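Because the structure is a prediction, the values reported are computed rather than measured.
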There are 2 protein chains.
Amino acid sequence: MSEGVDRAMRVLELLAREPAQLGGVAADLGVHKSTALRLLQTLESGGFARRTDGGWTVGLRLIDLAQQALDSLDVRAVARPHLAALGRDCGHTIHLAQLVDDDLVYVDKIEARGQVRMYSRIGRTAPLHASGVGKAVLAYRPQLTRLVEGGALPAYTPATISDPAALRAELATVAEQGWAADDGEFEPLITCVAAPVRHADGSVTAAVSVTAPTVVATLADLRHLLPQLLATTQQISRDLGWSGP
Amino acid sequence: MSEGVDRAMRVLELLAREPAQLGGVAADLGVHKSTALRLLQTLESGGFARRTDGGWTVGLRLIDLAQQALDSLDVRAVARPHLAALGRDCGHTIHLAQLVDDDLVYVDKIEARGQVRMYSRIGRTAPLHASGVGKAVLAYRPQLTRLVEGGALPAYTPATISDPAALRAELATVAEQGWAADDGEFEPLITCVAAPVRHADGSVTAAVSVTAPTVVATLADLRHLLPQLLATTQQISRDLGWSGP
DNA sequence: GCAACCCGTTGCGCTCAGCGCAACGGGTGT
DNA sequence: ACACCCGTTGCGCTGAGCGCAACGGGTTGC
């Protein structure tokens, strides 16, 4: 474990939240100002941090590298045009989430018209038991389902499914119908429908969702979009080499 | 200068390009495998690197932090809905580039329908003398123009303006007409029109462009979109607090 | 089935990279 | 003019981090 590198990551976590002055960085790390300064100077030399009027902020090289890493994800590259088309057709926010180890991470997002604020952001994880994309993936991964059921099922809203038996029943329904819904289970007043994306070998490691605030579209409204959603995820799956049902 | 942190940044540069095995990382850094392994383990503990079947790759925490840093850019948040609307209206790729110190960096991009490959990517810098957004910013920043003219003006294509006097004349035209064009000056067969974005104090530190391959739209075609582009950049400027001409 | 090879990994002794301290220059506020 | 705070640098000291040697495991070739 490298102490300097650990500190550097903590600095970047801090600066991503908001710019900070040297004294604030030193205090946050619990080191002398000269130590913090040298660390920031090193990060600056690599483009990972930069100076602003107010102090220090995240450097653009970090942003460039992150974008490069995102662009190299196969699923995202293949899915992008399909997601864009679906977004144009239905006018709602579209998400693509991919399983990474045991976490489901948003890797693409087509935002709807108008300023709709929601939790999801590229790079953030989706709760497996309390999101449409999460349930759309869990329904086809029994081993991961057991892992999730064996852990805590936090109740984010009154609608969250926190009972393992209820979750199992819900996932059986999802598997049967081929899609999942989220009716305010993670964020109140945000609903979505989601469907799984299959890899060439048929395994499910990603999912797509159509999401909207309930003032814009109710779950019933979104269900009308299931044909387009399913067509989209099947097309993405075929483009990934899946030979179909 | 922290050697460990410097190495960590170099590892991330490597992994963003493509996943690598431990031996490859050690060789690239010029250190022992045990040293490289400990460094990777540290990065993994912070979520900046993760293991894959093939070795090591960039971790999703890095992507999340980068997205968070992007989301905190005022210009981007304000501009986003306007760029989306412009993209819908004209059907071409829209860029937002912001000046950071003396570099102009793409901070947002609305991609057109269809798979159009071009150099620009969020996080990458645009060449100031050889791009529409670059010239749209330079035209209003005499000091930066002097800096650019005093340096090299690389010729990326036969159309690149490499002569300082010719660039000065071009920038005078841009200032007069209020917009810039790029007719294959950076990438052959890629054209755009661009206009500056003003901050509350009237200064120019960002620009928006409408870009297309010439097989899709010629420069003459894009010029027809100038009214919408100018309306968009003026609206963004007003939303940033600019009181107008 | 066995040997050779390569991978990732860990414990440990040694040393120099990185630490905090003290001092500095500069800007701001009273 | 003085006090305060900021960012910054040189330097002596020490423990964090280095490479080495050895390990376990998987794969390949014979």
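- Side-chain to base pairing of Ser34(A) with dC21(C): one donor and one acceptor N or O lie within less than 3.5 Å of each other.
- Residue Glu3(A) contributes atom CD, which lies 9 Å from atom C1' of dC19(C) at whole-angstrom precision.
- Regarding contacts with the backbone of dG7(D), every side-chain N or O of Arg38(A) stays at 4.0 angstrom or more from both OP1 and OP2.
- Proximity of Arg7(A) to the phosphate of dC19(C): a side-chain N or O atom is located under 4.0 Å from OP1 or OP2.
- Nearest-nucleotide positions on DNA chain D for Val5(A) and Gly24(A) put Gly24(A) closer to the 5' end.
- Atom CG of Leu39(A) is separated from atom C1' of dA17(C) by 14 Å (rounded to the nearest Å).
- Around the CG atom of Asp74(B), the shell of radius 6.0 Å holds no more than 12 heavy atoms that belong to other residues, nucleotides or ligands.
- Partner of His129(B) under the side-chain contact (heavy atoms from CB on, under 4.5 Å) criterion, out of Thr160(B), Ile161(B), Leu171(B): Thr160(B) alone.
- Listed nucleotides: dC6(D), dG8(C), dG17(D). Nearest to the side chain of Lys33(B): dG8(C).
- Nucleotide dC6(D) holds its P atom 15 Å from the CG atom of Leu40(A), rounded to whole Å.
- Side-chain contact check for Arg80(B) versus Glu111(A): some heavy-atom pair is nearer than 4.5 Å.
- Take the nearest nucleotide of DNA chain D for Gly23(A) and for His32(B): the residue whose nucleotide is more 5' is Gly23(A).
- The separation between Leu37(B) atom CG and dG11(C) atom P is 12 Å, rounded to whole Å.
- For Leu29(B) and dG17(D), the CG to C1' distance is 14 Å, given to the nearest whole Å.
- For dC6(D), the OP1/OP2 oxygens have no side-chain nitrogen or oxygen of Arg51(A) closer than 4.0 Å.
- The closest side-chain donor-acceptor pair between Asp71(B) and Gln67(B), if any, does not fall under 3.5 angstrom.
- Listed nucleotides dG17(D), dT8(D), dC7(C) differ in distance to Ser2(A); the shortest reach to its side chain belongs to dG17(D).
- One finds no salt bridge joining Lys135(B) and Asp182(B) here, because no Lys/Arg side-chain nitrogen approaches an Asp/Glu carboxylate oxygen to under 4.0 Å.
- Going from atom CG of Asp6(B) over to atom C1' of dG17(D) covers 16 Å, rounded to whole Å.
- Using a 4.0 Å cut-off, some side-chain N or O of Gln41(B) falls inside it from OP1 or OP2 of dT10(C).
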